[in-house]
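So you know, we letter chains A, B, ... as the sequences are listed, proteins then strands, and number each from 1.
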2 protein chains.
Amino acid sequence: MKSLLIQKSHARECFRNFLRGKNLLLTTERSRLLDIIFSQRRHFCIYDLHQMCQVNQQKVSLATIYRTLPLMEKAGLIRAVNLKADNWLYENTYFKHHHDHMVCVACGKIIEFENVGIEKMQSKVCKKHDFIMTEHTLELRGYCSHCKKTRKISALLGSKTA
Amino acid sequence: MKSLLIQKSHARECFRNFLRGKNLLLTTERSRLLDIIFSQRRHFCIYDLHQMCQVNQQKVSLATIYRTLPLMEKAGLIRAVNLKADNWLYENTYFKHHHDHMVCVACGKIIEFENVGIEKMQSKVCKKHDFIMTEHTLELRGYCSHCKKTRKISALLGSKTA
DNA sequence: TATAAATTGAGAATAGTTCTCAATATTGTC
DNA sequence: GACAATATTGAGAACTATTCTCAATTTATA
């Protein structure tokens, strides 16, 4: 995987092109947000991002954040994922293969995984229904390896598993 | 698939037992909500449900609806699905096999499908990560067969497909 | 019927998100 | 660099979905 620095400059170029194509500007605020987002690899929520914007004269208002993220999403730089928690998370998708998530309902840990087999079967299902898929999300919820050990999962679960 | 009437009475019994186990009551309001929900098979949102409660002296307050749905969810009668629209939808899951969704982003049509192969591969992935899955959701978004014909999808899509 | 516990509805409170609009920044042109 | 046209920003108001509060009501049980 490329270094964050290189990734960041490519992402900025990509965003600039996207914006240009729509007669929009790569303003200092948009550029700062991009900087922050592409300086780390973890999932982030709007609140996190806003917090990170409050330091270093890098203040960007909530309104601007709410306006900018959908642009980055359309540009293919980030993706919103709903992990059935209380709020949406975003993740950097640029330079990353498509992947899906496992979420531990006990500790909140997010595990990313790729599975070509599943993707292929999805395509088959779509063909069968004459459906053109443009996007998909798969989320598995349950207990991670660590929580499985430390908690009495069997008691929590009863006999149900999905 | 069993008739709605039979299904409804079974669901009521199931809910009653669930509530009893928690020292909760099957009140008239809860019973009315169950009636409404199990009188139709489609997905519904809270707003729909509240509207349906406004007729026939069946008024149930929003507060009660918000309190009751999580109970029914825990009882295994309904399921909340987030189809990336603006709000959550609920669906009757009692007497129904687990299924996943395709959502047409053009017309909003929801297509349900079951695929054992995908489910099996999910289990494999979980085993590999030592993850105990209790729940999962798979959503495919794109264009249904009808919208594919009537709209210039290729123009909308560019070259991207997921 | 009396008592204790659970439930309800109305509206207040909260939280996340979008909207409004005056002030500011940016781009392209001369 | 100055100018005009356009896009953008931030502050706070507005909006919306959801949760909370609490007095009044309902229910189960003795």
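Expressed to the nearest 0.5 Å, how far OH of A:Tyr90 lies from CD1 of A:Ile78 amounts to 6.0 Å.
Computed from coordinates, the A:Leu69 CG to D:dT9 P distance equals 12 Å when rounded to whole Å. C:dT20 atom P lies 12 Å from atom CZ of A:Arg67, rounded to whole Å. Atom C1' of nucleotide C:dG16 and atom CG of A:Leu49 are separated by 15 Å, given to the nearest angstrom. Atom CD1 in A:Ile65 sits about 13 Å away from atom P in C:dG16, given to the nearest Å. When the C1' atom of D:dT27 is taken as reference, atom CZ of B:Arg16 falls 13 Å away, rounded to whole Å. Look at CH2 on A:Trp88: it is 16 Å from C1' on C:dT18, rounded to the nearest Å. Atoms CG (B:Asn82) and P (D:dT18) sit 11 Å apart, rounded to a whole Å. One atom, CG of A:Leu25, and another, P of C:dT24, lie 18 Å apart when rounded to the nearest Å.
Of all nucleotides listed (C:dT17, D:dT9, D:dT18), C:dT17 comes nearest to the side chain of A:Leu62. Comparing D:dA7, D:dC20, D:dG10 by their closest approach to the side chain of A:Glu29 singles out D:dG10.
Between A:His101 and B:His136, a ring centre-to-centre spacing not shorter than 6.0 Å is recorded.
Under the salt bridge (Lys or Arg N to Asp or Glu O under 4.0 Å) test applied with A:Glu112, the options A:Arg79, A:Arg42, A:Lys96 reduce to a single match, A:Lys96.
When hydrophobic clusters are built by joining Ile, Leu, Val, Met, Phe, Trp and Tyr residues whose side-chain heavy atoms come closer than 4.5 Å, directly or via intermediates, A:Leu25 is not grouped with A:Leu71.
No more than 12 heavy atoms of other residues, nucleotides or ligands lie within 6.0 Å of NE2 in B:His146, so this atom counts as exposed by the packing criterion.
A close approach under 4.0 Å does occur between a side-chain nitrogen or oxygen of B:Arg30 and OP1 or OP2 of C:dT8. Residue A:Tyr66 places at least one side-chain N or O under 4.0 Å from the OP1 or OP2 atom of C:dT17. Contact annotation: A:Thr64 side-chain N/O to D:dG10 OP1/OP2 distance is under 4.0 Å. Neither OP1 nor OP2 of D:dT26 sits under 4.0 Å from any side-chain N or O of B:Thr28.
Residues B:Asn23 and B:Ser61 both approach DNA chain C. Their nearest nucleotides, taken by heavy-atom distance, put B:Asn23 toward the 5′ side.
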